[in-house]
Structures are given as C-alpha cells and as structure tokens.
Amino acid sequence: MEAESLILFFIAGLVLVGGGILASQLLAPKLKNKTKEDAYECGIPTEGAAWMQFKSGYYLFAILFLIFEIETVFVFLWALTMKTLGMLAFIEILIFFFILGIGLLYAWKKGALKWD
C-alpha cells in the first residue's frame with residue numbers, strides 16, 4: 001500500500017511540474033528582439049568586460065552588513081524574552097554588545113567601512 005502511494009505521489013509531482021513547464025512554453029509570449037536578450041542590470045547598459053575584479057573591501061562590507069543583520073535578529077528575540085530570562089541574560093547581552101563594539105571599532109580602524 002505504501003509503495004503505491006509513493007509511486008502515485010511521484011507521478012503526480014511529475015505531471016504537475018511537467019504541466020507547468022509545458023504550459024509556460026505554450027502560453028508565454030515569444031517576441032524576440034535584441035533589447036530583450038540583453039543582460040539587465042539596473043536599467044543601465046553594461047560597459048566593458050563582465051569578468052572584472054572588484055575591490056575586496058566590497059565583500060568585507062557585505063559580510064559586515066550580514067553579521068550586523070543577524071545580530072539585529074538575535075537582539076530582537078532576546079528583547080522579547082528579557083523578562084523571563086532575568087538579570088544574568090541582561091549581563092550576557094551587555095557582554096555581547098561589548099564584543100560587537102570591539103569588532104565594529106576594529107573594522108572602522110581598518111577602513112572596512114569606507115566606500116571608495
């Protein structure tokens with residue numbers, strides 16, 4: 001009984017996915033022109049080679065942004081449960097902020113936050 005259900009589920013998945021792909025091929029507009037086939041990047045036509053090197057500072061800036069974004073989520077969740085966690089959790093979050101501040105000062109001194 002379980003094998004038949006699994007096979008039926010697999011077939012239904014194939015039919016639905018295949019049907020969606022087939023429907024998009026049949027129903028999608030087929031107007032082709034040079035402008036539609038160009039790569040789109042913020043509405044500005046590309047200039048030069050696509051394989052150019054970027055300054056590593058951009059990647060560092062992005063990583064710092066992600067780190068502080070994740071920390072924001074962590075602090076938000078901590079704030080929601082602060083009443084139940086008590087004073088020990090408050091001291092721990094102060095230590096957490098202190099470590100974050102040291103990391104931010106380090107990045108600032110190294111020039112990671114300059115957008116040149």
Side-chain angles (χ1 to χ4, degrees):
M1 183 66 183
E2 289 181 18
E4 292 94 18
S5 299
L6 185 62
I7 292 171
L8 184 63
F9 183 74
F10 183 70
I11 291 172
L14 285 176
V15 168
L16 289 173
V17 171
I21 292 173
L22 183 64
S24 70
Q25 291 295 321
L26 294 175
L27 300 175
K30 295 184 176 37
L31 301 174
K32 301 241 183 206
N33 59 34
K34 185 175 177 350
T35 306
K36 279 187 101 170
E37 294 175 1
D38 281 347
Y40 180 74
E41 182 65 33
C42 302
I44 300 171
T46 56
E47 295 179 9
W51 295 100
M52 56 187 266
Q53 292 182 348
F54 290 100
K55 185 179 169 188
S56 61
Y58 297 141
Y59 299 109
L60 183 58
F61 194 86
I63 289 171
L64 284 171
F65 175 78
L66 287 175
I67 289 170
F68 282 98
E69 181 89 12
I70 292 167
E71 292 164 3
T72 303
V73 172
F74 175 73
V75 170
F76 177 72
L77 294 174
W78 170 83
L80 290 177
T81 59
M82 176 55 195
K83 282 187 178 180
T84 59
L85 295 177
M87 187 55 105
L88 181 62
F90 182 71
I91 293 170
E92 287 176 352
I93 202 71
L94 288 179
I95 294 169
F96 179 70
F97 282 141
F98 179 73
I99 294 170
L100 288 181
I102 290 172
L104 181 60
L105 285 175
Y106 177 78
W108 195 340
K109 293 288 183 185
K110 287 290 188 180
L113 301 177
K114 290 182 182 175
W115 195 266
D116 292 332

> Can you list the residues that meet the side chain to side chain contact (heavy atoms under 4.5 Å, CB included) rule with L22, with sequence neighbours excluded?
L26

> Sequence neighbours left out, what passes side chain to side chain contact (heavy atoms under 4.5 Å, CB included) with T81? Give chain and number order.
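Applying side chain to side chain contact (heavy atoms under 4.5 Å, CB included) to T81 gives T84, L85.
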
> Quick check: is V75 connected to I99 through a chain of hydrophobic side chains (ILVMFWY, heavy atoms under 4.5 Å apart)?
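Looking at the clustering, V75 is in the same group as I99.
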
> Do you reckon I91 sits in the same ILVMFWY cluster as I102, going by side-chain contacts under 4.5 Å, direct or chained?
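No, it is not one cluster - the side chains of I91 and I102 are not joined through contacts under 4.5 Å.
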
> Could you give the distance from CZ (F65) to CD1 (I70), rounded to the nearest 0.5 Å?
10.0 Å

> Once side chain to side chain contact (heavy atoms under 4.5 Å, CB included) is applied, do any residues pair with E71, and if so which ones, sequence neighbours excluded?
I67, F68, F96, L100

> If I take atom CG from residue L64 and atom OH from residue Y106, how far apart are they, to the nearest 0.5 angstrom?
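The OH atom of Y106 is 11.0 Å from CG of L64, to the nearest 0.5 Å.
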
> Apart from F76 itself, what residues make up its hydrophobic cluster when side-chain heavy atoms of I, L, V, M, F, W and Y under 4.5 Å apart count as a link, directly or indirectly?
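Cluster partners of F76: V73, L77, L80.
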
> Enter the distance from L14:CG to F9:CZ here, rounded to the nearest 0.5 Å.
10.5 Å

> Could you list the residues that satisfy side chain to side chain contact (heavy atoms under 4.5 Å, CB included) with F90, not counting sequence neighbours?
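With sequence neighbours excluded, F90 shows a side chain to side chain contact (heavy atoms under 4.5 Å, CB included) to W78, M82, M87, I93, L94, given in chain and number order.
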
